Amino acid sequence: MPVNTEAYQKIISQLNNEATLVAVSKIKPVEDILALYQLGQKDFGENYVQELVDKQAKLPSDIRWHFIGHLQSNKVKYIAPFVHLIHGVDSLKLLKEINKQAIKYNRIIHCLLQVHIAQETTKFGFSFDELQELNIPKEFINISVDGLMGMASFSDDRALIRNEFKQLKNLFDKLKINHPQFHTLSIGMSDDYTIALEEGSNMIRIGSLLFGKRIY
Ligand SMILES: *Cc1c(COP(=O)(O)O)cnc(C)c1O
């Protein structure tokens, strides 16, 4: 399926120049990414390390690559030279490894901490309590923790989703007191991004609405 240009233009207009769209291109071919790139899209998100590395080598170098999947510590080294933002950091161990690789490549790697919402099916992420107690070690000087990433529960219940996004925004605002560098709240996907934007998201991650359904 070709890229949905109409959906793209609509989403861009909804961002109001206040939020960033990450186009999620996992399992989609490089041709589809290029088609969207030619419309002006620069931020793309991928979930799998090998796939991201392969695509990065084939595509324009000014694309900003977001890693949005579950990242294993032993694979950080493959994306460390070029990754723009790692969304799903779920442990201090991972943060430590990202810092180590960032030192190796002499760059600052930007990260978001993944928040685990109670009803959510994934087991990854920090709980609300863990985040409120979190101290990011001062010696991690080659990383910049820019904010939070979350996913709503897999549900058709719009009120439930809105409530979860509200909770995430509240947590984000609270954490900003001790982490004044926090500026990014990455919430919202194809089915719930309008709710996320209404509740204060400033980074949405959209796949199927732009590229069509993924057939695995
Ligand atoms: C796949 C994925 C998305 C995009 O999902 P769509 O429903 O296709 O928009 C967003 N965020 C994460 C973490 C994903 O894994």
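Source: prediction; values computed, not measured.
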TODO: Give a yes or no on this: more than 12 heavy atoms of other residues, nucleotides or ligands lie within 6.0 Å of atom OH of Y78.
DONE: no
Task: Heavy atoms from other residues, nucleotides or ligands near CD of E139 exceed 12 (cutoff 6.0 Å) - done: yes
Looking at side-chain heavy atoms only, is the closest gap between [X] and [Y] below 4.5 Å?
| X | Y | answer |
| --- | --- | --- |
| I79 | E46 | no |
| K55 | I33 | yes |
| M151 | Q114 | yes |
| H116 | F124 | no |
| L209 | Y193 | yes |
| L59 | F44 | no |
| H66 | M203 | yes |
| L134 | L113 | yes |

Open item on the list: If only side-chain N and O atoms count, and only distance matters, is there a donor-acceptor pair under 3.5 Å linking S127 with D129?
Closed with: no
Open item on the list: Can a side-chain donor-acceptor contact be found between Y37 and D62 if the only test is distance below 3.5 angstrom?
Closed with: yes
Examine distances only and state if a side-chain atom of [X] and a backbone atom of [Y] form a donor-acceptor pair shorter than 3.5 Å.
| X | Y | answer |
| --- | --- | --- |
| N142 | N99 | no |
| D32 | S25 | no |
| R205 | V24 | no |
| D146 | L112 | no |
| D54 | E51 | no |
| Q41 | D43 | yes |
| E164 | S153 | yes |
| R107 | A80 | yes |

Task: Distance in Å, I206 CD1 paired with L21 CG, rounded so as to fall on 0.5 Å steps - done: 6.5 Å
